[in-house]
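See structure below.
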Amino acid sequence: MRTLATLPSRDGFRMPAEFEPHAGCWMLWPERTDNWRDGAKPAQAAFAAVAAAIAAAEPVTVGVSAAQFQNARLRLPPAVRVVEMSSDDAWVRDSGPTFLVDGRGRRRGVDWTFNAWGGLAGGLYFPWNRDDEVAQKILEIEGSDRYRTSFVLEGGAIHVDGEGTCLTTEECLLNPNRNGDMSRADVEEHLRRYLGVTRVIWLGRGVHLDETGGHVDELACFTSPGHVVLTWTDDRDDPQYDISRDAYARLRHARDARGRKLAVHRIHQPGPLYMTAEEAAGVDPRPGTRPRRAGDRLPASYVNFYVANGRVVMPAYDPRRDGAARRALARLFPDREVVGVPTREVLLGGGNIHCITQQVPAAAGPRRPAARRRAPVRRTATRR
């Protein structure tokens, strides 16, 4: 692995869309008891179920601390590779690298600076130095050259269509606790340099009470070029209603890097869901970390799914809404099987399936337009 002093965009590299072919997937093993209840055992069971669902479609590697290695090895399916890797928590989407590809079959990765979603001005824990090393460690294992940057960014703050368009939110990337007083134009320039994009579509706020500070991967994502799925609620009294309505308006008026208008597909949110007294009591409180309280609303969203080779792995946590969400995703991904995994335990820790996974794209040549998966155009809301 080399650490490069050049820029990805100038070297001909781009971030591929998540729905492009993968070589595999990375996860990290949860264990900190000030975030995961009951000694993290319920969360570990949920992580193992997610790993198994993805491993049925593509190779999965899980990074595990030395103290948890044997426990994880016994709990994870034999097909899942387990490697010893220290970290501060299990959110590999945010602490891991963003992989890039070029047209010559090469794969590299961006190692963003990680500050635990806000550093000392709103971050969720301290210290975070081991998490900031995770990207380098993964790139070393994968044998991929590394672009290290002082720009603070988490993988959950961005989604791309693989054709030059990036989705993000103002709430997250314009927050001074990420990159000081950097302007919108400065942020866009960094995204262009490191992701190889030419168009940035800005949404406003992320999902209501999302503790990461407005990550777009809870709110909206590309399902194919020109198609975006958006979390939604029909309840006008829910704070999420105005957030989603604003995002919908922005998306309908936007054009992607190729000049296309976007087809926006709405999926109704679950719940709302709240933390129970039993769940809150199972977390060990510690100064400097986010408290977990009974009655706290949980930032639940069906948009926080993972697109694997041949399947979509989605969170399942509300029997009243799970079926409609699964059917909506099946329409948007007609060539993939949609599999639901119960992940309330992941939600209790502050995120969901997309947050705990990081895809490794297949290192291949130029994409063939004829192979592009396209979803049918539908602009109506998904109802129960």
Side-chain angles (χ1 to χ4, degrees), residues 1 22-97 109 111 114 116 124-144 155 278-279 281-286 288-289 292 306 308 313 315-316 339 341-360:
M1 180 196 73
H22 295 179
C25 174
W26 273 84
M27 299 177 65
L28 296 173
W29 190 247
E31 63 176 282
R32 57 185 303 157
T33 59
D34 56 356
N35 190 56
W36 307 103
R37 72 185 183 111
D38 299 341
K41 295 307 179 188
Q44 290 171 3
F47 274 58
V50 171
I54 297 173
E58 64 191 36
V60 175
T61 301
V62 179
V64 182
S65 72
Q68 284 285 316
F69 184 88
Q70 293 299 338
N71 175 48
R73 180 64 282 172
L74 290 171
R75 290 174 176 269
L76 289 162
V80 172
R81 178 174 66 165
V82 179
V83 299
E84 187 175 317
M85 180 179 293
S86 58
S87 63
D88 294 301
D89 208 351
W91 308 104
V92 74
R93 175 66 54 180
D94 295 340
S95 60
D111 179 358
F114 179 78
L124 300 184
Y125 51 73
F126 176 86
W128 56 79
N129 57 294
R130 290 183 298 183
D131 272 353
D132 194 37
E133 295 174 344
V134 164
Q136 181 181 5
K137 294 173 182 177
I138 290 176
L139 291 170
E140 182 77 36
I141 292 172
E142 292 293 335
S144 298
E278 179 184 3
E279 290 166 342
V283 178
D284 296 338
R286 192 181 79 175
T289 60
R292 303 295 182 194
Y306 179 78
V313 182
V339 178
V341 177
T343 52
R344 182 179 174 91
E345 294 297 334
V346 183
L347 178 62
L348 293 173
N352 224 278
I353 292 175
H354 196 257
C355 305
I356 64 172
T357 54
Q358 182 63 259
Q359 70 272 10
V360 182

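Worth knowing before you read on, the calculation uses all heavy atoms, side chains too, and leaves out hydrogens, waters and symmetry mates.
- Between the side chain of Q44 and the main chain of P30, a donor-acceptor pair closer than 3.5 Å is present.
- Looking at M1 and E142, their side chains never come closer than 4.5 Å, going by heavy atoms from C-beta outward.
- Considering only heavy atoms from C-beta on, V83 comes within 4.5 Å of T61 through its side chain.
- R73 approaches P78 most closely through the heavy-atom pair NH2-CA, 3.6 Å.
- Rounding to the nearest 0.5 Å gives a distance of 7.0 Å between CD of E278 and CG of D38.
- For E31 and S65, the side-chain atoms include at least one donor-acceptor pair closer than 3.5 Å.
- At a threshold of 4.0 Å, the pair R81-E58 does not count as salt-bridged, since none of the basic side-chain nitrogens sits closer than that to a carboxylate oxygen.
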Before giving the answer on side-chain contact (heavy atoms from CB on, under 4.5 Å), spell out for D88 and E133 the whole-Å C-alpha distance, their side-chain angles and the decisive distance to 0.1 Å.
-> CA-CA 10 Å; D88 294 301; E133 295 174 344; over 6 Å; no
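- At least one side-chain heavy atom of C25 sits less than 4.5 Å from a side-chain heavy atom of T357.
- Of the possible polar contacts, none joining the R37 side chain to the L348 backbone as a donor-acceptor pair under 3.5 Å is found.
- Contact record, S86 with V134: O-CG2, 4.1 Å, taken as the closest heavy-atom pair.
- Looking at R286, its side chain never comes within 3.5 Å of a backbone N or O of D34 through a donor-acceptor pair.
- Here the shortest heavy-atom pairing between A48 and P77 reads O-CD, 4.4 Å.
- For the pair T289/N35, no side-chain contact is recorded, criterion being any heavy-atom separation below 4.5 Å from C-beta on.
- A side chain to side chain donor-acceptor pair (under 3.5 Å) with Y306 is found for one member of H22, Q359, Q358 and no other, namely H22.
- Between the side chain of R93 and the main chain of H354, a donor-acceptor pair closer than 3.5 Å is present.
- Closest of all the heavy-atom pairs between G96 and I138 is CA-CD1, 4.4 Å.
- Once rounded to the nearest 0.5 Å, the distance linking OG of S144 with CG of D111 reads 12.0 Å.
- Using a 4.5 Å cut-off on side-chain heavy atoms (C-beta onward), M85 and W26 make contact.
- Q68 and W29 make their closest contact through OE1-NE1, 3.1 Å (heavy atoms, listed as atom of the first residue, atom of the second, distance).
- Side-chain N/O atoms of D131 and Y125 include a donor and acceptor closer than 3.5 Å.
- In terms of heavy atoms, N352 sits closest to V346 at CA-CG1, 3.6 Å.
- Under 3.5 Å, the side chains of S87 and K137 contain no donor-acceptor pair of N or O atoms.
- Under the 4.5 Å side-chain criterion, counting only non-hydrogen atoms from C-beta, L28 is not in contact with I356.
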Applying ring pair (Phe, Tyr, Trp, His ring centres under 6.0 Å), run through F47 and W36 and close with a yes or a no.
-> CA-CA 12 Å; F47 274 58; W36 307 103; 5.6 Å; yes
